[in-house]
Undergrad: 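Just dropping this structure here.
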Amino acid sequence: MQTYDQFHQSRSIKYIDRDFDTLRTALTEYLKAQFPDNFSDFSEESAGIAILEAVCYAGDILNFYIDKQFNELFLATSQEEKNVLSLAKNLGYKPRGKSSSICNNLVFNFNYPTSAVTTNYEFYLKTGTQFSTKEGLSTFELVDTFDTSTITSITRNVDVANNVTSASISGIKIYSGLTKTFQVKIGIAIPFLKVPIPDENILEIFSVSSSDGYQWYEVDYLAQENQFVGTVDSQSDSAATPYILTLKRVPRRFQVEHEENNKKSLRFGSGILGQSDADFIPNPEDFILPPILRGTVSGFSPTNIDPADFINTGTLGSSPSNCTMTIKYRTGGGLRANAATKTISQILQKNIEYKVTGNTFDKSVMEATFSCSNLEPALGGEDEQTLDEIKYNASAFYATQNRIITLQDYIVRCYSMPPKFGTIFRATAMKDPNDKLGIKLAILSRNSDGTLTAATSNLKINLANYLQEFRSLSENINITDGSIINLGLNFSIITDGRRNEQQVLAECLDTMIQYFDIRKWNMGQSISISQISKSLTNVSGVLAVPNIYFSNKTGVESDRTYSSTQFNVDNRTKNYIIICDPNSVFEIKHPKFDIRGNVLS
């Protein structure tokens with residue numbers, strides 16, 4: 001009888017054939033070589049060929065899923081969202097979801113009769129008042145309450161002739177999104193309880209409380225026993241420091257886990273509230289000597305240790321039980337939540353409380369005069385990270401080990417800032433030439449239409465505060481605006497005559513629009529004219545690309561605004577490469593107007 005090795009050598013079996021075609025070819029050759037007398041009909045009508053192709057079909061499917069499952073084990077090759085999120089979580093990285101845009105200067109207007117008693121018309125503009133853009137694409141909320149009788153940013157203009165006083169409150173800060181509340185009933189304590197939140201696109205979680213009167217705190221990981229909290233500063237210098245940062249022990253804590261389809265869930269600890277950890281952990285001194293040699297310290301004979309008991313301790317936080325959890329959060333945001341100046345002009349929902357109760361005047365008359373307008377743009381809104389961005393940032397995040405050591409670490413940390421503080425679209429880090437111990441960060445944000453813009457001052461302040469936790473004590477951080485270099489592109493092509501010229505030109509224009517999609521460009525990335533020529537030549541019907549010309553766009557052209565950054569394309573072009581400075585980024589802001597092409601005959 002042949003051994004397996006002898007059989008394998010005699011049959012010449014190959015294991016590199018994996019797809020349908022190669023399997024069919026290999027099996028056909030195998031049958032011809034090994035069974036020439038028993039199987040000789042290889043025509044398409046043969047029943048044997050049908051069976052052979054069925055085997056090849058099954059082999060192709062099996063090999064596909066084997067390859068796919070193997071690729072899903074690694075972050076670099078994983079494609080499914082749930083696997084990418086799981087692998088990123090294993091590296092300690094939390095993907096960034098959609099972020100909220102912020103407007104720092106909304107003006108709220110209202111009128112009331114001049115002859116009336118002013119106090120009768122004073123009111124509280126309360127949290128929860130909702131605004132929107134004219135098109136209704138973005139919804140904004142007021143998160144603070146304003147008292148019209150005491151606020152210092154209110155101005156009143158009296159029109160005695162018409163008996164009308166016009167009042168305006170400026171400097172109102174609003175956030176994109178809607179605040180929602182979700183309640184869930186909890187029975188017995190379940191270790192590592194997971195509570196999914198039903199809504200998508202959750203921007204931030206405001207508070208988590210239980211019906212037994214306790215507040216639960218968000219932590220980065222369940223083993224984190226302490227959390228920084230802000231307490232109101234009642235001292236005389238509270239204007240400079242309104243909140244005092246204190247470290248508080250938080251046995252009731254949770255962490256936020258990112259799920260598929262832009263959803264989130266809360267993960268609680270494993271400890272059982274109301275029971276001491278000593279109920280689960282035996283006294284170590286009971287195990288120093290056997291009981292037959294000495295009595296136990298506790299007076300009882302030590303039992304066998306069950307490692308599962310240790311998860312019931314408070315080491316990883318506590319699990320809620322026999323209560324109703326109330327979760328308050330905000331949804332919405334994204335790139336579309338950004339709004340240009342004077343576009344937030346609709347009041348969707350008023351949350352008004354009048355200071356003087358029992359007034360008999362018709363409130364609807366005054367409320368009919370309510371209006372609003374944003375004097376500053378709402379910026380900071382950004383879409384969730386793509387799977388490729390999660391892969392890249394997770395690997396870089398793991399390498400930093402929660403510290404900032406290299407310049408690349410600063411860039412990764414900029415992109416890792418929680419969205420509720422604003423979103424950095426592009427960032428670069430370099431040594432500050434004016435400070436030996438300084439780091440210079442150049443950052444940029446995006447408008448609602450996806451074009452680049454400078455970051456707001458509040459966004460820079462939030463970023464500086466965020467980086468303080470990770471930076472070296474000896475390093476100084478200087479956050480500046482990156483330079484936006486707007487360009488225009490003109491090119492000429494020669495077609496081979498096999499296709500309609502205008503159709504070929506249209507495909508070339510679309511190719512360039514996709515090529516210069518700002519999401520594909522980073523700060524300091526230069527333009528290769530040779531690569532552009534190659535991309536155009538690859539379009540079906542293009543024979544040659546004789547001309548490619550870039551120009552600098554600044555100021556205003558036909559109602560289209562551009563950056564004020566001056567850039568000499570000819571002087572910065574070397575060896576067919578347009579060189580970009582490290583703190584700058586090239587942008588074709590209005591591609592439908594700034595990318596032009598023509599066909600040479």
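Since we're looking at a predicted model, the values are computed, not measured.
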Undergrad: Can you tell me how far apart CG (Leu335) and NZ (Lys98) are? Round to the nearest 0.5 Å.
TA: 9.5 Å
Undergrad: Indicate yes or no: at least one non-hydrogen side-chain atom of Glu81 is less than 4.5 angstrom from one of Leu387.
TA: yes
Undergrad: Hey, is NZ on Lys355 packed in by over 12 heavy atoms from elsewhere, all under 6.0 Å?
TA: yes
Undergrad: For residues Thr181 and Thr326, determine if any side-chain heavy atom of one lies less than 4.5 Å from a side-chain heavy atom of the other.
TA: yes
Undergrad: Using the side-chain contact (heavy atoms from CB on, under 4.5 Å) definition, which of the options Ile169, Thr165, Ile352 pairs with Phe110?
TA: Ile169
Undergrad: Are the side chains of Asp581 and Ser483 in contact, using a 4.5 Å heavy-atom criterion?
TA: no
Undergrad: Are the side chain of Asn552 and the backbone of Asn486 linked by a donor-acceptor contact shorter than 3.5 Å?
TA: yes
Undergrad: By the ring pair (Phe, Tyr, Trp, His ring centres under 6.0 Å) test, which pairs, at least two apart or in different chains, include something from residues 439-469?
TA: Tyr466-Phe470
Undergrad: Do the side chain of Arg572 and the main chain of Cys580 share a donor and acceptor less than 3.5 angstrom apart?
TA: no
Undergrad: Taking the side chain from Thr324 and the backbone from Val184, do they hold a donor-acceptor pair closer than 3.5 Å?
TA: no
Undergrad: Heavy-atom distance under 4.5 Å between the side chains of Ile197 and Lys263, does that happen here?
TA: no
Undergrad: Do Glu367 and Lys350 come within less than 4.5 Å of each other through their side chains, counting heavy atoms only?
TA: yes
Undergrad: Does one side chain, of Asn157 or Ser166, offer a donor that lies under 3.5 Å from an acceptor on the other?
TA: no
Undergrad: Between Asn374 and Thr343, is there a donor-acceptor pair closer than 3.5 Å when you use the side chain of the first and the backbone of the second?
TA: yes
Undergrad: For Ser209 and Gln215, test the side chains for any donor-to-acceptor distance below 3.5 angstrom and give the result as yes or no.
TA: no
Undergrad: Using every non-hydrogen atom in the two residues, find where Leu441 and Ala429 come nearest and quote the distance to one decimal.
TA: CD2-CB, 3.5 Å
Undergrad: Could you check whether any side-chain N or O of Thr129 sits under 3.5 Å from a backbone N or O of Asn351, counting only pairs where one atom can act as donor and the other as acceptor?
TA: yes
Undergrad: Please tell me if the side chains of Lys520 and Gln514 come closer than 4.5 Å, counting only heavy atoms from C-beta onward.
TA: yes
Undergrad: Just by modelled atom types, is the Ala454 backbone N or O under 3.5 Å from a matching donor or acceptor in the Ser445 side chain?
TA: no
Undergrad: Looking only at side-chain N and O atoms, does Asn109 offer a donor or acceptor that is under 3.5 Å from a partner on Ser168?
TA: yes
Undergrad: Consider only side-chain N and O atoms of Ser99 and Glu382, and report whether a donor and an acceptor are under 3.5 Å apart.
TA: no
Undergrad: Indicate whether any N or O donor in one side chain lies under 3.5 Å from an N or O acceptor in the other, for Thr456 and Asn458.
TA: no
Undergrad: Can you find a pair of side-chain heavy atoms, one from Asp594 and one from Tyr562, that are under 4.5 Å apart?
TA: yes
Undergrad: Given 3.5 Å as the limit, does a donor-acceptor pair link the side chain of Ser563 with the main chain of Ile484, or not?
TA: yes
Undergrad: May I ask you to check whether Thr139 and Ser132 show a side-chain donor-acceptor distance below 3.5 Å?
TA: no
Undergrad: Between His258 and Lys89, is the side-chain contact (heavy atoms from CB on, under 4.5 Å) condition met? List the steps.
TA: CA-CA 9 Å; His258 296 256; Lys89 179 182 176 182; over 6 Å; no
Undergrad: Please verify the inter-ring angle class for Phe131 with Phe108; under 30° counts as parallel, over 60° as perpendicular, anything in between as tilted.
TA: perpendicular
Undergrad: What is the distance from atom CG of Asn104 to atom CD1 of Ile172, rounded to the nearest 0.5 Å?
TA: 12.0 Å
Undergrad: Before we go on, tell me: are the rings of Phe516 and Phe586 under 6.0 Å apart, centre to centre?
TA: no
Undergrad: Taking 4.0 angstrom as the limit, do Lys460 and Asp481 come out as a salt bridge?
TA: yes
Undergrad: Is it the case that atom CZ in Arg156 sees more than 12 heavy atoms from other parts of the structure closer than 6.0 Å?
TA: yes
Undergrad: Between Ser101 and Ala337 (side chain of the first, backbone of the second, donor and acceptor by atom type, cut-off under 3.5 Å), is there such a pair?
TA: yes
Undergrad: If you count the non-hydrogen atoms of other residues, nucleotides and ligands that lie under 6.0 Å from CZ in Arg267, is the total more than 12?
TA: yes
Undergrad: Would you mind telling me which of Phe254, Trp216, Tyr329 makes a side-chain contact (heavy atoms from CB on, under 4.5 Å) with Leu266?
TA: Phe254
Undergrad: Please assess Asp212 against Ser210 for the test side-chain hydrogen bond (donor to acceptor under 3.5 Å, both in side chains), listing each intermediate value before the final yes or no.
TA: CA-CA 5 Å; Asp212 51 9; Ser210 53; 2.3 Å; yes
Undergrad: Kindly indicate whether the side chain of Glu475, heavy atoms from C-beta on, has any atom under 4.5 Å from the side chain of Leu467.
TA: no
Undergrad: Is it the case that over 12 heavy atoms from other parts of the model lie below 6.0 angstrom from the NZ atom of Lys185?
TA: no
Undergrad: I would like to know whether Ile588 and Lys553 meet side-chain contact (heavy atoms from CB on, under 4.5 Å); could you show each step before the answer?
TA: CA-CA 9 Å; Ile588 294 185; Lys553 297 279 188 177; over 6 Å; no
Undergrad: List the steps, then state whether side-chain contact (heavy atoms from CB on, under 4.5 Å) holds for Phe140 with Leu106.
TA: CA-CA 11 Å; Phe140 295 80; Leu106 180 82; over 6 Å; no
Undergrad: Okay, side chain of Arg426, backbone of Trp521: is any donor-acceptor separation there less than 3.5 Å?
TA: yes
Undergrad: Going from CD1 on Ile479 to SG on Cys414, what distance comes out if it is rounded to the nearest 0.5 angstrom?
TA: 7.0 Å
Undergrad: Might you confirm whether atom CZ of Arg560 has over 12 heavy atoms from other residues, nucleotides or ligands at distances under 6.0 Å?
TA: yes
Undergrad: Do the side chain of Asn338 and the main chain of Arg446 share a donor and acceptor less than 3.5 angstrom apart?
TA: yes
Undergrad: Starting at CG of Asp559, measure out to CD of Glu557 and round the result to the nearest 0.5 Å.
TA: 11.0 Å
Undergrad: Taking the six-membered ring for Trp, are Phe123 and Phe370 ring centroids under 6.0 Å apart?
TA: yes
Undergrad: Checking side-chain contact (heavy atoms from CB on, under 4.5 Å) against Glu587, which of Leu487, Leu444, Thr565, Thr451 comes through?
TA: Thr451
Undergrad: State the OG1-OH distance between Thr148 and Tyr124, to the nearest 0.5 angstrom.
TA: 9.0 Å
Undergrad: Enter the distance from Lys264:NZ to Glu204:CD here, rounded to the nearest 0.5 Å.
TA: 9.0 Å
Undergrad: Side chains of Ser564 and Thr554 only: does a donor on one sit below 3.5 Å from an acceptor on the other?
TA: no
Undergrad: Are Asp435 and Asn478 close enough, and set up right, to give a side-chain contact (heavy atoms from CB on, under 4.5 Å), and what steps lead you there?
TA: CA-CA 10 Å; Asp435 186 352; Asn478 179 22; over 6 Å; no
